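Data block below; observations after.
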Amino acid sequence: MKVHNFSAGPSILPDVTVENTAAAIKNFAGTTLSLMEVSHRSKEFVAVMDEAIALFKEILDIPTGYSVLFLGGGASTQFCMIPYNFMNKKAAYLNTGAWANKAQKEAKLFGEVVEVASSKETVYNYLPKGYEIPADVDYFHITTNNTIYGTEIKYDMDVNVPLIADMSSDIFSRPVDVSKYALIYGGAQKNLAPAGVTFVIVKDELLGKVDRQIPTMLDYRTHIKGVSMFNTPPVVPVFAALQTLRWIKEQGGVTAMQKMNEEKAAVLYNEIDRNPMFKGTIINKEDRSIMNICFVMTDEYKELEKDFLEFATSKGMSGIKGHRSVGGFRASTYNALPKSSVQALVDCMKEFETLHVK
Ligand SMILES: *Cc1c(COP(=O)(O)O)cnc(C)c1O
C-alpha cells in the first residue's frame, strides 16, 4: 500500500498527473517519442503550453490584461526579478516567514525596503495586523501561505499600492480575485507540478516603468512576448501542470478545492485541539493555514515527540516531521491529498493517545 504523503514540497500530486506524465515520458501525444526528446516548438508541445496557459486563466478567472508565464528558476528567482522589474526606489514587505524574509533581502539590492511588520520574534507564529503601508512605495509584497510556519492570509487584501504575492504553497487552493494583484508567483512544486517550473501572473500595463536596464531573461516582457518559449521551457513540469489543471477543473475548480481543503484542515485541527497530547503552533485560529498544518506535543508529553514520529511513520504517514526551525510536526494538506489520508493521521493520533494517556 502507498504511504500517506504529507510532504511540504515537492509534494503530493493527483494520481492522474503522475500517470499521464509517466505515459507521455514514454510516448508523447502519439509521436512514439518521449516528452523528453521532442522539440518544445513541435505542434504537440505548443498545444500543451497553450492549453496550460488557457486553463490557468480559466480556473483562476484571470481578467484580461494579465499574462500567465511558466518560467525556470523557482520562486526564489522571482525574489530578485520582482524588484528588478517593479522597484524604482522603495518597496514594502510584510515579514511573515523565512520565504518572505528571503524575498525582502533580495529587494534590498535594488533600493529601500520598508518592513511594514514582522512576526519573526515569535518564530512567525501569527500574522501581523494593523500595520501601515507607505503611500509612496512601488509595491507591497506578501507571502500568502507561510509553508514552514503554517500561517495563511486567506483573503485578498485591499491596498492602495500594487500588491505582489508569493502564492507558492496555496495557489489553486481557493478562489483568488486576481484583479487585486499586480503580480502573483510561485514554485509549482507545492500544489501543481513537479519542481522545475515557476508560474507568474502579471498585470501587463505595470511593466516597463523602471529606469534600470533589465537583463533579457529577467525581463517579464521577454517571456510575455515569447509566450513562455523565449528559451526552452521546462517541458516535463509544464506537461504535468496541465494534467493537474485539467484535474482541478474536473473536480469543480478552485471553489471545490477550497471546500475540500477546509474540510480536511478542520478534521486535523479539531483533533490537534482535542487531543491532550498535541497542540497547534499557531495561536490565532483565523491565521491558521489550510495547506500546512503545524503542531507539537504539549509540554507534558514533549519527550514522546520522537516516539510519535516513529509510530506515525510505522502506520504509513510520510513527511510529517516539522521544519527544523519549528520542530514538532507539519502535515501538508495540499489539493491532491485525499481526506482519507487526513483521517489516517487523526486515527494515528487517537491511537497514540490511548497508548499513553491514562
Ligand atoms: C517553497 C517556497 C519557496 C521557494 O520555492 P523555490 O521554487 O524552491 O525557489 C518560496 N516561497 C514559498 C512560500 C515556498 O513555499
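Whatever order the structure lists them in is the order used to number ligands and atoms, beginning at 1. A quick note: this is a predicted structure, and the numbers were derived from the prediction, not measured.
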Starting from the N and O atoms of ligand 1, find every protein N or O within less than 3.5 Å and list the pair with its distance.
residue  : atom   : partner : partner atom : Å
ligand 1 : 7 (O)  : Ala75   : N            : 3.0
ligand 1 : 7 (O)  : Gln189  : NE2          : 3.0
ligand 1 : 8 (O)  : Gln189  : NE2          : 3.3
ligand 1 : 9 (O)  : Ala75   : N            : 3.2
ligand 1 : 9 (O)  : Ser76   : N            : 2.8
ligand 1 : 9 (O)  : Ser76   : OG           : 2.6
ligand 1 : 11 (N) : Asp166  : OD2          : 2.6
ligand 1 : 15 (O) : Thr147  : OG1          : 2.5
ligand 1 : 15 (O) : Lys190  : NZ           : 2.6

* Asked: Taking side chain as C-beta onward, heavy atoms only, is Met49 less than 4.5 Å from Val238?
  -> yes
* Asked: Donor-acceptor pair, Tyr149 side chain versus Thr96 backbone, under 3.5 Å?
  -> no
* To do: Taking all non-hydrogen atoms of both residues into account, name the closest pair between Thr198 and Gly73 and its distance.
  => OG1-C, 4.0 Å
* Considering only heavy atoms from C-beta outward, does the side chain of Leu245 approach that of Phe56 to under 4.5 Å? -> yes
* Evaluate salt bridge (charged side-chain N to carboxylate O under 4.0 Å, His left out) for Arg221 paired with Asp204, printing each intermediate quantity in order. => CA-CA 8 Å; Arg221 291 168 300 179; Asp204 302 332; over 6 Å; no
* Electrostatic pair Lys315:Glu351 at N-O distance under 4.0 angstrom -> yes
